[in-house]
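Keep in mind that what you see is a predicted model, and the values were worked out from it rather than measured. Below, read A as the first sequence line, B as the second, and so on, with proteins coming before strands; counting in each chain starts at 1. The analysis underlying the following values was restricted to heavy atoms, covering all of them including side chains, and did not include hydrogens, waters or symmetry mates.
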Amino acid sequence: MNTSIDIHRLSTGVPGLDEVLGGGLPEFSFNLIAGPPGCGKTTLAHQIMFSLATPERPAIYFTVLGEPPLKMLRYQQQFAFFDGEAINRRVRFVNLADDKLEGDLHQVLRRIVAEVETHSPGLVFVDSFRSLVAAEARSGGSQGEMLQEFVHQLGISMTSWQATTFLLGEYCSEADANPVFTMADGLFWLRQNVQRNSMVRKLEITKMRGQPTLPGLHTFRIGAAGIEVFPPASHAVATIAGGKAAGPSASRLLTGVPKLDDMLGGGLPRGYSLLVAGPSGSGKSILAAAFLAEGARCGETGVIAAFEQHPDRSRNRLLANLIATGTVALVDSRAPDLSIDEIVRLLLNEIRRLDASRVVIDSLSGFELALAPSFREDFRESMSRLVTALAATGVTVLMTSELEDRYTDLRFSPYGTAFLTDAIIVQRYVEVDSRLLRMLAVVKLRSSAHSNELRLFEIDDDGIHISDRLAGHEGLLGGKPTTADAPGPPATPAGARDE
Amino acid sequence: MNNLDSSRFSAAAAHGVGDDAARIAEALVSAWQQRLAALAPIVGQRGAAALYGRSLALACASHPWLAAAQRGMQSTVDLPALNAVLSSRTAAEAAAGGHTLAQAFGELLTSLIGAPLTERLLGSTTAPAPGAPAQETPT
């Protein structure tokens with residue numbers, strides 16, 4: 001018989017945090033929220049408090065010598081989670097500065113315990129306990145010992161009174177005050193990673209007794225709604241999208257350009273990721289819009305993550321209409337310093353909301369620039385996580401990529417990421433008779449026969465129109481083809497097959 | 001009467017209902033005690049004293065005699081001093097000065113944390129302007 005206690009886990013109300021915690025916050029746990037000034041400790045505590053506090057499980061927020069309470073109330077009410085109606089009902093603020101100034105730490109502890117005994121809160125916050133102990137140390141005590149004693153006593157009292165407790169403390173290094181970290185059940189580290197003009201916030205649960213947490217640093221953002229944590233992309237897929245797809249199926253999606261479907265052997269296999277690479281202005285975004293529009297025509301919904309031109313601009317009326325009618329969701333994150341996990345979460349939320357089957361990322365080049373510098377350093381890994389996460393949802397993905405038109409070599413991807421995608425279409429410019437013509441080719445289509453032709457195409461108000469090969473020319477990939485003496489090979493489809 | 005709503009008392013006093021300055025002072029100080037009892041646990045005694053000091057300074061612009069209610073920066077609110085100052089004035093002066101002080105306090109707190117939260121913490125502290133309907137209603 002299993003006699004182990006069933007620990008109730010509380011939902012923190014902070015998007016993404018419960019996943020990182022491994023399923024929520026253990027009730028009656030004694031937690032430490034640590035980090036340097038300005039990292040979001042007080043905001044995290046308030047968001048959890050307003051989410052969890054109820055009339056039956058009220059909260060007490062003790063303020064000590066840190067941020068003046070009036071300023072805290074002034075600024076915290078800017079967040080959507082702040083509920084002024086809750087104050088003095090399910091949320092009670094208690095200032096301990098006077099107790100600290102008039103007495104010693106024991107007086108502060110007695111006051112906390114007295115308030116807890118009076119109001120029986122289910123949640124207790126002490127912000128910030130470390131400033132309190134530091135002040136005591138300045139008056140002659142041993143900071144380490146006092147801190148340990150204070151936290152120890154507090155931990156015993158709060159657990160006995162069945163209060164889930166959070167201590168907030170300014171720490172800049174995990175090497176600080178180890179005894180306190182030992183006593184805590186849960187340890188939340190908040191950090192700010194600054195690189196050049198970029199700042200990325202990261203959260204790490206270095207400890208949570210009784211349950212496995214998601215290891216490592218997780219980016220989070222503080223917005224008008226409060227804090228949102230972005231769990232790893234792979235984990236987000238499992239929880240948000242439910243991993244509904246086992247893999248590519250035999251069915252194919254039409255791209256919206258009929259002759260391109262022919263070149264692909266009947267369309268793009270469902271669940272594939274397609275990279276459309278080409279120089280600026282070659283028509284990548286127009287192809288992407290056609291892909292989404294064809295989906296809409298077939299009754300499918302889509303999502304586009306736009307990092308380049310704004311989709312509302314008139315040149316992309318087709319896409320703007322799809323967005324306006326709600327057939328296509330726009331992930332238009334202009335937020336600075338994106339992380340791969342954040343953009344994956346944004347995409348997955350929209351995919352789930354619309355039950356979308358087509359996703360466009362326009363473009364990877366813009367996406368790379370939108371990422372915080374610290375994430376750009378390993379863009380290939382980021383790309384791999386993005387493609388893997390999207391593939392796991394079963395959607396069919398079209399990504400565009402800016403490709404510098406260099407005529408000395410044949411390249412398909414600027415990032416060495418060609419191996420990540422199932423299919424590649426390359427667009428290029430070619431000079432013929434003093435005219436700049438466009439051409440495209442299907443370079444790769446995994447496990448499927450496809451055309452090996454270099455086909456000319458034009459763009460007009462109706463979109464992309466693919467015509468024939470440029471017969472009688474050679475050296476097209478060099479940008480300046482010459483007239484071939486002998487006629488080229490016959491234009492038969494299905495001339496290539498990738499395994 | 002809401003004990004925190006000094007404006008009503010002020011209005012009543014101005015209409016001669018309370019013609020004894022000492023009684024008016026006592027009632028106003030009682031309202032301040034409740035106001036501070038509500039606020040001090042949240043912002044601390046010193047935080048409340050700082051707000052009171054600022055309100056007093058603002059009220060002194062129209063009632064300079066209120067300056068005698070506080071000397072220098074205080075870590076606590078000196079309500080006996082306020083009582084003494086109010087009691088030394090006429091009933092009408094004490095009522096008007098007390099009203100202005102309470103109004104300044106409410107407006108100060110509102111400017112810092114907003115009207116909804118101020119009302120939540122203190123109850124209605126914003127005194128109506130002179131001539132407002134509340135002044136017409138004796139209590």
Hey, is NE2 on A/His152 packed in by over 12 heavy atoms from elsewhere, all under 6.0 Å?
no
Please name the pair of heavy atoms, one in A/Asn95 and one in B/Ala40, separated by the smallest distance, quoted to 0.1 Å.
CB-O, 4.4 Å
Which pair of heavy atoms, one from A/Leu70 and one from B/Leu112, lies closest together, and at what distance?
CD1-CD1, 3.9 Å
Please classify the contact of B/Ser111 with chain A as side chain, backbone, both or neither, using a heavy-atom distance under 4.5 Å.
backbone
Between A/Gly84 and B/Leu117, what is the shortest heavy-atom contact and its length?
CA-CD1, 4.0 Å
What's the separation between atom CD1 in A/Ile87 and atom CD1 in B/Ile113, rounded to the nearest 0.5 Å?
7.5 Å
Could you grab the distance from atom CD1 of B/Ile42 to atom OG1 of A/Thr63, nearest 0.5 Å is fine?
9.0 Å
Taking A/Lys71, A/Glu115, A/Arg89 one by one, which has the highest count of heavy-atom pairs under 4.5 Å against chain B?
A/Arg89
Please state whether the side chain, the backbone, both or neither of B/Leu51 comes within less than 4.5 Å of a heavy atom of chain A.
side chain
Turns out that what part of A/Glu85 lies under 4.5 Å from chain B's heavy atoms comes down to both
